[in-house]
Amino acid sequence: MNQKEFQQLKKDLEAIFIRMQNIEKRSIDEQWFDSADIKIQFNFSESKLYRLRKANKIPHEKIGGRYYYPKGYFFSILLEKIRNREI
């Protein structure tokens, strides 16, 4: 694969990424994780989750004594990490 083909592939992947991000964002904007979901899916400890909340590094809502976190936020962070990874 030469440089021109590589750049075209990268451009095509970028376009796919943007489309995928828009589709997924619409479907998960209204959904929330609870603390147990976050700890399982992202391998966070209770203390890490607490520190992130206290430092306002992650968006959260407290409803009825339980914390909830928007799925869209975590999804966008993961996509950004994938996007910034070298091919």
Side-chain angles (χ1 to χ4, degrees):
M1 178 180 293
N2 64 33
Q3 185 67 22
K4 187 176 182 179
E5 291 171 333
F6 177 76
Q7 291 301 324
Q8 183 61 43
L9 176 62
K10 191 173 179 180
K11 184 178 177 183
D12 292 345
L13 287 173
E14 185 87 16
I16 291 169
F17 170 79
I18 290 169
R19 277 189 240 134
M20 185 178 79
Q21 187 177 25
N22 290 336
I23 290 168
E24 292 293 327
K25 184 168 177 30
R26 279 186 249 131
S27 68
I28 63 174
D29 275 345
E30 299 298 320
Q31 298 177 11
W32 294 77
F33 284 126
D34 65 6
S35 292
D37 293 330
I38 296 292
K39 289 189 287 188
I40 291 168
Q41 294 202 19
F42 298 99
N43 198 26
F44 283 6
S45 67
E46 185 66 40
S47 59
K48 180 172 184 164
L49 209 44
Y50 173 80
R51 285 192 308 270
L52 291 171
R53 278 195 315 265
K54 286 298 181 188
N56 286 320
K57 291 190 176 184
I58 56 173
H60 61 280
E61 293 290 329
K62 187 174 183 180
I63 302 170
R66 294 184 68 184
Y67 288 98
Y68 294 91
Y69 311 87
K71 282 187 178 183
Y73 172 79
F74 289 94
F75 183 75
S76 64
I77 294 296
L78 289 174
L79 283 178
E80 189 63 32
K81 285 186 178 188
I82 291 168
R83 184 178 184 186
N84 289 334
R85 189 178 281 178
E86 293 289 328
I87 294 177

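Applying the ring pair (Phe, Tyr, Trp, His ring centres under 6.0 Å) criterion to Tyr68, with sequence neighbours excluded, gives no partner residue. Take Asn2 and apply the side chain to side chain contact (heavy atoms under 4.5 Å, CB included) test, not counting sequence neighbours, and it matches Lys4, Glu5. Every residue meeting the salt bridge (Lys or Arg N to Asp or Glu O under 4.0 Å) condition with Lys39, not counting sequence neighbours, appears here in chain and number order: Glu46. Taking Glu14 as the reference, Ile18, Arg83 meet the side chain to side chain contact (heavy atoms under 4.5 Å, CB included) condition, with sequence neighbours excluded. Looking at residues two or more places apart in sequence or on another chain, you find a side chain to side chain contact (heavy atoms under 4.5 Å, CB included) between Lys57 and Leu52, Ala55. Applying the side chain to side chain contact (heavy atoms under 4.5 Å, CB included) rule to Tyr50 yields the partners Arg53, Lys54; only residues at least two apart in sequence or on another chain are considered.
The hydrophobic cluster containing Ile40 does not contain Phe33, counting ILVMFWY residues as joined when their side-chain heavy atoms lie under 4.5 angstrom apart, directly or transitively.
Atom CZ of Phe42 and atom NZ of Lys48 lie 11.0 Å apart (nearest 0.5 Å).
Contact record, Pro59 with Pro70: O-CD, 3.5 Å, taken as the closest heavy-atom pair.
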Residues Tyr67, Leu49; criterion side chain to side chain contact (heavy atoms under 4.5 Å, CB included); working and verdict: CA-CA 10 Å; Tyr67 288 98; Leu49 209 44; over 6 Å; no

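By the 30° and 60° cut-offs, the orientation of the rings of Tyr69 relative to Phe74 is perpendicular.
The number of heavy-atom neighbours closer than 6.0 Å to CG of Asn43, taken from other residues, nucleotides and ligands shown, is 12 or below.
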